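To start, the structure under review is shown below, and the notes come after it.
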Amino acid sequence: MKTITSFAVAVGIFAVIYNIAAGAAPVNEPTDIKLEDTPLDVAIQTIAEMAGVNVYIDQKIHNPVIGADGHAHTNFVTLRWNSITPTNAFKALINNYGLVATFDQETGVTKVTMKDITALEPLEVKTISLKYANPTNIVEAIKTVIGQRSRIIPDIRTSQLIVMATQSELTQITNLIAELDTPLTQILIEARFIETSKNPKSLKGIDWAGTLGGQNFTFGNGITTGQTDTQIPGTPETSTSTLPSGRSTTSTLTPGYVSQTALSTVLGAGGISVDTSRGWFPHTAFLNADGVKAVLSFLNTENDIESIATPRAVTLEGNKVELSVVQYIPVFEEEQGALVAGGAQPPTVKPNYNLTVGENQTPLNKVGVTLIVTPRVVGTNSIQLQLEPNISVKEPIPERLTLGGKINESPIFTHRTITTLATVPDQHTLVLGGLINNSTTKTYSKVPLLGDIPILGYLFRRDTKEGNKRNLIIFVTPTIVSEEDYQQPPASTINFLKTKPLDKPDIEDPAWDSGAPKDKTRSLF
């Protein structure tokens, strides 16, 4: 039995030496390894030498194994591996037979022993560099497939992952990262905002509101006022009297004071007064009014506004991109002055350009058109778009409130939003419409009875018609961008906005109700 075993060992060693001599490759370069009936310990020693590993094999591996029949058996290895590195062959051999290799850094020797089935598999540390993915995102995906003992730490600065896991888990993690760490598709989002606004206004007739809406009446032709002048001493008065004898005598009397009252009238104001000596003053009094006032209107005005904006941006698949054409309207806020020794400082008024409301902190005074798009490639040639357009305007009439005896004014902002999810083929255009605001105001004023007379009634009434139409159409064109699109020449084959938008024409008002001049396409009435 010993003779047969010794012969098998010699044959195995000779086979390995023959393969190495026939064309041995450098250490850790792919080569062909073939063993025929070679004892396990000899195979480990031979492949370790090929891998440049100093190995010490535990004596238990040399000893024969007692089989089920009660006889001692030696483990013989037969290998036919092609294009494998000696290092990988060494690892595969010991793993296949339940062995474990422990490297001693102090001596530089790797000890191969029997694996303890009760012992936990040792953890290994490996650094994996990422090419495209964000380390934080990869960590969240890998944490669900590793055990509790394993750890994975992202390094944002170098875009690397530090993985501490078992050998089997490292293999799974490496394969999973290779599938996730792929470049994302870039998508060009081009939007076109077309906003039209029309504001026709027609004023016709005579408005008598100035005369009949609040007429003021007063009685009299003015307000009479008096002024009294007093002189101290008074003006001397001389009197002459005739005595019975026929002689005349003259006497002078000086009173203590003399008082004189003068009346005057303020013209244009109602008023009347009574004088005890002269009766009514002034002598003429009549009913006084504001007068007759009327406003003649015979005018048409019309404002047509068209605004076009074409923003574009390139974003990665799954990332949000915001396309906006906005203005920030300040809201003025009064801030109380600080308290000082001499009293409170005067308040200051500061503009607030970032006023937010609600739980989502939505900007309130951000006025204009904002489009948030999140694209994702689906299928072979389609793009799924999550669209969130927001259209906001500032109303012309502010809100006025009286608080603490002081009038406070606050602007009013109107927001119109749509949230939708749609799939569009590559380089096709999606149209978002329906963001229409159409209001019509009609005002009538007339003099009762007189305004109802046929034909003549036009002199005693006025008609006002005002319309306000606002329409917004959004065109969104997604395009998948490839690497060839960045190369010049040849020129890019992408045609942006290939589909021309069609605007629905508005119905023209007749020249009678329009501010535009009459032409061949516009009727008079």
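Note that the coordinates shown come from a computational prediction; the quantities given were computed from them, not determined experimentally. Positions are given from 1 along the sequence.
Counting heavy atoms from C-beta on, the side chains of Val481 and Thr185 never come closer than 4.5 Å. The shortest side-chain heavy-atom distance between Ile138 and Ile128 does not fall under the 4.5 Å cut-off. Inter-residue side-chain proximity for Val377 and Ile187 is flagged as met; some heavy-atom pair is nearer than 4.5 Å. Residues Thr429 and Val476 have side chains not in contact (no heavy-atom distance under 4.5 Å, counting atoms from C-beta outward). The shortest distance between side-chain heavy atoms of Leu387 and Leu430 falls below 4.5 Å. A 4.5 Å side-chain heavy-atom check between Thr171 and Ile173 finds every atom pair outside the cut-off. Contact check for Phe332 versus Pro351: side-chain heavy atoms found under the 4.5 Å cut-off. Residues Thr315 and Lys320 have side chains not in contact (no heavy-atom distance under 4.5 Å, counting atoms from C-beta outward).
When each of Thr85, Asn95, Val112 is checked for a side-chain contact (heavy atoms from CB on, under 4.5 Å) with Phe90, only Val112 meets the rule.
Look at Asp207 and Arg462 and you find a salt bridge, because one of the NZ, NE, NH1 or NH2 atoms lies within 4.0 Å of a carboxylate O, short of that distance. With respect to the salt-bridge test (charged N to carboxylate O, under 4.0 angstrom), the residues Glu322 and Lys366 qualify. Of the charged side-chain nitrogens involved, none lies within less than 4.0 Å of a carboxylate oxygen, so that Asp104 and Lys111 do not count as a salt-bridged pair. Under a 4.0 Å N-O distance rule, the pair Lys201/Glu302 does not qualify as a salt bridge.
Of the possible donor and acceptor atoms, one in the side chain of Thr174 sits under 3.5 Å from a partner among the backbone N and O of Leu170. Gln186 places no side-chain N or O within donor-acceptor distance of the main-chain N or O of Leu316, the cut-off being under 3.5 Å. Between the Trp81 side chain and the Thr31 main chain, no donor and acceptor come within less than 3.5 Å of each other. Under a 3.5 Å cut-off, the side chain of Arg192 and the backbone N or O of Thr310 do not form any donor-acceptor pair. At distances below 3.5 Å, not a single donor-acceptor pair connects side-chain atoms of Thr102 with backbone N or O atoms of Thr110. In this structure a side-chain-to-backbone donor-acceptor pair under 3.5 Å is missing from Asn390 to Thr417. When atom types are taken as modelled, the side chain of Asn82 and the backbone of Asp32 share no donor-acceptor pair closer than 3.5 angstrom. With hydrogens and angles ignored, the 3.5 Å screen pairs no side-chain donor or acceptor of Glu466 with any backbone N or O of Pro200. Under the 3.5 Å distance criterion, the side-chain polar atoms of Ser159 are left unmatched by any main-chain donor or acceptor of Asp155. When atom types are taken as modelled, the side chain of Arg149 and the backbone of Ile146 share no donor-acceptor pair closer than 3.5 angstrom.
Closest non-hydrogen pair, Gly467 versus Asn199, comes out as O-ND2, 2.7 Å. The minimum heavy-atom distance between Thr374 and Gly318, with the atom names listed, is CG2-O, 3.8 Å. Val125 approaches Ile162 most closely through the heavy-atom pair CG1-CG2, 4.4 Å. Taking both residues in full, the closest heavy atoms of Leu161 and Pro154 are given as CD2-CA, 3.9 Å, listed atom of the first, atom of the second, then distance. Contact between Val326 and Val369 at its shortest, heavy atoms only, is CG1-O, 3.8 Å. When all heavy atoms of Pro375 and Asn319 are compared, the closest pair comes out as CD-O, 3.3 Å.
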Test side-chain hydrogen bond (donor to acceptor under 3.5 Å, both in side chains) applied to Thr127 and Gln160, step by step: CA-CA 7 Å; Thr127 302; Gln160 290 182 330; 5.5 Å; no
Evaluation steps, side-chain contact (heavy atoms from CB on, under 4.5 Å), between Ile94 and Val100: CA-CA 6 Å; Ile94 63 176; Val100 60; over 6 Å; no
Intermediate values then yes/no, side-chain hydrogen bond (donor to acceptor under 3.5 Å, both in side chains), Thr419 and Glu388: CA-CA 5 Å; Thr419 301; Glu388 301 176 18; 5.4 Å; no
CA sep, side-chain torsions, deciding dist, call: Val321, Ile372, side-chain contact (heavy atoms from CB on, under 4.5 Å): CA-CA 6 Å; Val321 59; Ile372 299 177; over 6 Å; no
Criterion side-chain contact (heavy atoms from CB on, under 4.5 Å) on Val77 and Tyr97, from CA distance to verdict: CA-CA 10 Å; Val77 178; Tyr97 285 91; 3.7 Å; yes
Test log, rule side-chain contact (heavy atoms from CB on, under 4.5 Å), inputs Lys446 and Phe460: CA-CA 6 Å; Lys446 71 174 182 178; Phe460 299 96; 5.9 Å; no
Residues Ser202, Asn300; criterion side-chain hydrogen bond (donor to acceptor under 3.5 Å, both in side chains); working and verdict: CA-CA 4 Å; Ser202 177; Asn300 294 331; 2.9 Å; yes
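A donor-acceptor contact closer than 3.5 angstrom links the side chains of Ser150 and Glu169.
The CZ atom of Phe193 lies 5.5 Å from the CG atom of Leu323; values are rounded to the nearest 0.5 Å. For the atom pair Asp181 CG and Leu130 CG, the distance stands at 5.0 Å (nearest 0.5 Å). With rounding to the nearest 0.5 angstrom, the OG1 atom of Thr423 is 10.0 Å from the CD1 atom of Ile383. Separation of atoms CD1 (Ile391) and CD1 (Ile418) is listed at 6.5 Å; rounding is to 0.5 Å. Rounding to the nearest 0.5 angstrom, the gap separating the CG atom in Asp304 from the OG1 atom in Thr196 is 9.0 Å. With rounding to the nearest 0.5 Å, the separation of CG in Leu123 from CD in Gln167 is 11.5 Å.
Around atom NZ of Lys204, more than 12 heavy atoms belonging to other residues, nucleotides or ligands sit under 6.0 Å away. Residue Lys126 places its NZ atom among 12 or fewer non-hydrogen atoms of other residues, nucleotides or ligands, all under 6.0 Å distant. Crowding of Glu395 atom CD: a count of heavy atoms from other residues, nucleotides or ligands under 6.0 Å exceeding 12.
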